[in-house]
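So you know, we letter chains A, B, ... as the sequences are listed, proteins then strands, and number each from 1.
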Amino acid sequence: MSDSLYRTTMRTHACGELTAEHVDAAVVLCGWVASRRDHGGVTFIDLRDREGIVQIVFHPEDAADAHAAAQRLGAEDVVRVTGSVRARPDGMTNLQLRTGEVELAAASLEILSEADTPPFPIEDRIEAGEELRLRYRYLDLRRQEMTEVLRIRHSINAITRDHMESLGFLEVETPMLTRSTPEGARDFLVPSRVWPGTFYALPQSPQQLKQLLMVAGQDRYYQIVRCLRDEAPRADRSFEFTQLDVEMSFADQEDVFAVIEPLYARYVREIRGVEVETPFPRIPYDEMLARFGTDKPDLRYGMELADLAPVFDGTGFNAFGSVLATEDGAIKGLAAPGGGQLSRKELDQLVQDAKGRGAAGLVWMVVEAESVRSPVEKHLSKEEVDGTLRATDASEGDLVCIVADQIGRANVALDGVRRNLADRLGLIPEGEWRYAWYTDPPLFDWSEEEGKWVANHHPFSAPATDDLDPKTAKAKAYDLVLNGFEVGGGSIRIHRPEVQRKVFEVLGLSQPEIEEKFGHLLRAFRYGAPPHGGIAMGMDRIVMLMAGKEAIRDVTAFPKAQSGSDPLTGAPAPADDGQLRELGIQVIPPPAKEQRPPIGRE
RNA sequence: GCGCCCGUAGAGGAGUCCGGUCGUCCUCACCUCCCUGUCAAGGAGGAGAUCGCGGGAUCGAAGCCCGUCGGGCGCGCCA
């Protein structure tokens, strides 16, 4: 029997590591009381630490003092137990526990720390509400399920460092206090005490710095780095997050893919025990949008979108015909296998869902043996119905959904309908991990709101060709998609100052603005910049997917609530007057909400 | 900035649509007692709640109306 990794001056082993090989060993364990089962005479304690749970037996005859002390134990008391490991009697093993073949016969018991009754039980079938779990996160994290998540997160970091190291990447740290950039998300600002009235920005990503590391000749850089964006959080998006940031010199798109693909295959292999094929499929942006209506499709199931415009060319159905007559009007549809079983209520919900995503409406058809059942059936010709079924590859028992609208809205709506139906109809296979790269996105997007062109990816992405016409230019940029989630994205960068300048001009930046905001970058490029490119991977999201969780909160040790508050520490909190004075900051109280008088009945 | 859902003993839930019978119930935890092989132990008994908060209509509110706070999900936003 080898010495335990967990041996300290206070204990010989961790609770969770005792097995049959330790039988007869004299051991000392420390841990938390997970439960007590008192039979009047013999008393059992389940003792928990990070490594697991082991049963302790207290016999009144063998150790009267320890047995008496055990009567007083309550949940979550911290104790130290001395005793010897015994094989459990026949028929009394517990195969649900890793330690279930053995138990510790206690000789003495020492209470190291008494615990108040916890506000919620420490067990895996968690029932407590989110706010309570966050307020008592240190109790929530005692649960084995949470320990498992932290372990997965740690493994992913360890695998990542091992992989990047093996390919010659250096982990270089970049500053947390940096400068605000004009494009992109809202910055978190940190006031400077030394320069009153000026602010650092917390990094949205180390984008410019990693490019400067390439100019600095560092060739291959990576960093597992915290980034911050002051934008509304979602279940799969927090405003504090961790990314694997990568940049490499003398590299093109395929070189970046060749670094990332084996890493992401390895996560799935080592965490989930599933082999995924490399290289991952590459799907051009236009094709992806046409087939799935989104740039992050879930490829674990079919239901691809069909273009129905040819089918309804010259249709007598005015709702469709009028859409086709508009400039970017589209009619697209999909067939859901077995969707014919949905109730009228569920179909109505689908229509509402599509409308909620901005579509004018949704037309459904249930495919029956000789005909289709649909609210608009009488408006459609036989040729149109047959053409639709052919185009969507629908057969009897399927549900066909059609959206006629402006192309963008039709895609958004059908993407939602597709995901919704896959979920409802149980079409999502468990244990499958379908990666894909999306490539060749547009270099620029038109922003209606700002009335100007904005960078689709970011302003440092290289154009795919010499074409810089904002209406047609493509970028050498890419996203990695996994099971309907974007898990990372990057690009080959512009390394020639004159090209970078032209892109800034298309984005509407004036020469003085370019100089003010990006002068340092352009100056660096004048001193010999290698062609380079890279990628940033969202680590929280990949951990979430590997851990089978539905929210990033569930894979973060100390997350914030959706409102941005931290119920554990009470952050954010007001600063005291002295601090504010030192920073030269005066707080303007938020305007009082308009008090509407209560409306009573007449 | 907006929309939707939730808030009832320490935890989770039922009750709210359709006001009076409700501070009524269930599971777990807690306290007391019984019990020498349980493992989500078991048995008997007990305590514990201004129904998130404020206001309103009503003879009467956990329930209806308005506001507000907290949590969640989504839209906008997230180069």
Only counting residues at least two apart or in another chain, list the ones meeting side chain to side chain donor-acceptor pair (under 3.5 Å) with A:Thr93. none
A:Gln500 and A:Arg493: side chain donor to acceptor below 3.5 Å: no
Length of the CG-P vector between A:Asp423 and B:G74, whole Å: 13 Å
Between A:Asn456, A:Asp286, A:Thr439, which is the residue that forms a side chain to side chain donor-acceptor pair (under 3.5 Å) with A:Lys474? A:Asp286
Presence of donor-acceptor pair under 3.5 Å, side chain of A:Arg237 and base of B:C78: yes
Closest to the A:Ala235 side chain: B:C73, B:G71, B:C75? B:C73
Could you check which residues of residues 561-568 of chain A get a heavy atom under 4.0 Å from RNA chain B? Sort them by number, please. A:Ala561, A:Gln562, A:Ser563, A:Ser565
Examine the side chains of A:Thr174 and A:Gln223 and answer whether a donor and an acceptor come within less than 3.5 Å of each other. yes
Quote, to the nearest angstrom, the C1' distance that separates B:G15 from B:C25. 9 Å
Is it true that the side chains of A:Gln406 and A:Asp328 contain a donor and an acceptor less than 3.5 Å apart? yes
Among all residues two or more places apart in sequence or in another chain, which pass the side chain to side chain donor-acceptor pair (under 3.5 Å) test with A:Arg36? none
If you compare every side-chain N and O of A:Arg234 against the phosphate oxygens of B:G72 (OP1, OP2), does one of them come in below 4.0 Å? no
Please state the C1' separation for the pair B:G20 and B:A62 - nearest whole angstrom. 13 Å
Which letter, B, S or -, goes with each nucleotide of nucleotides 35-41 of chain B from 5' to 3', with contact meaning a protein heavy atom under 4.0 Å? BBBBBBB
Inter-nucleotide C1' distance (B:C26, B:C33), Å rounded: 24 Å
Taking the six-membered ring for Trp, are A:Phe460 and A:Phe525 closer than 6.0 Å centroid to centroid? no
Sorted by chain and residue number, the side chain to side chain donor-acceptor pair (under 3.5 Å) partners of A:Lys549 (sequence neighbours excluded) come out as A:Glu145
Could you check whether atom CG of A:Asp469 has more than 12 heavy atoms from other residues, nucleotides or ligands sitting under 6.0 Å from it? yes
Reading nucleotides 8-17 of chain B from the 5' end, what letters show protein touch, with B for base, S for backbone sugar-phosphate only, - for no heavy atom under 4.0 Å? --SSS-----
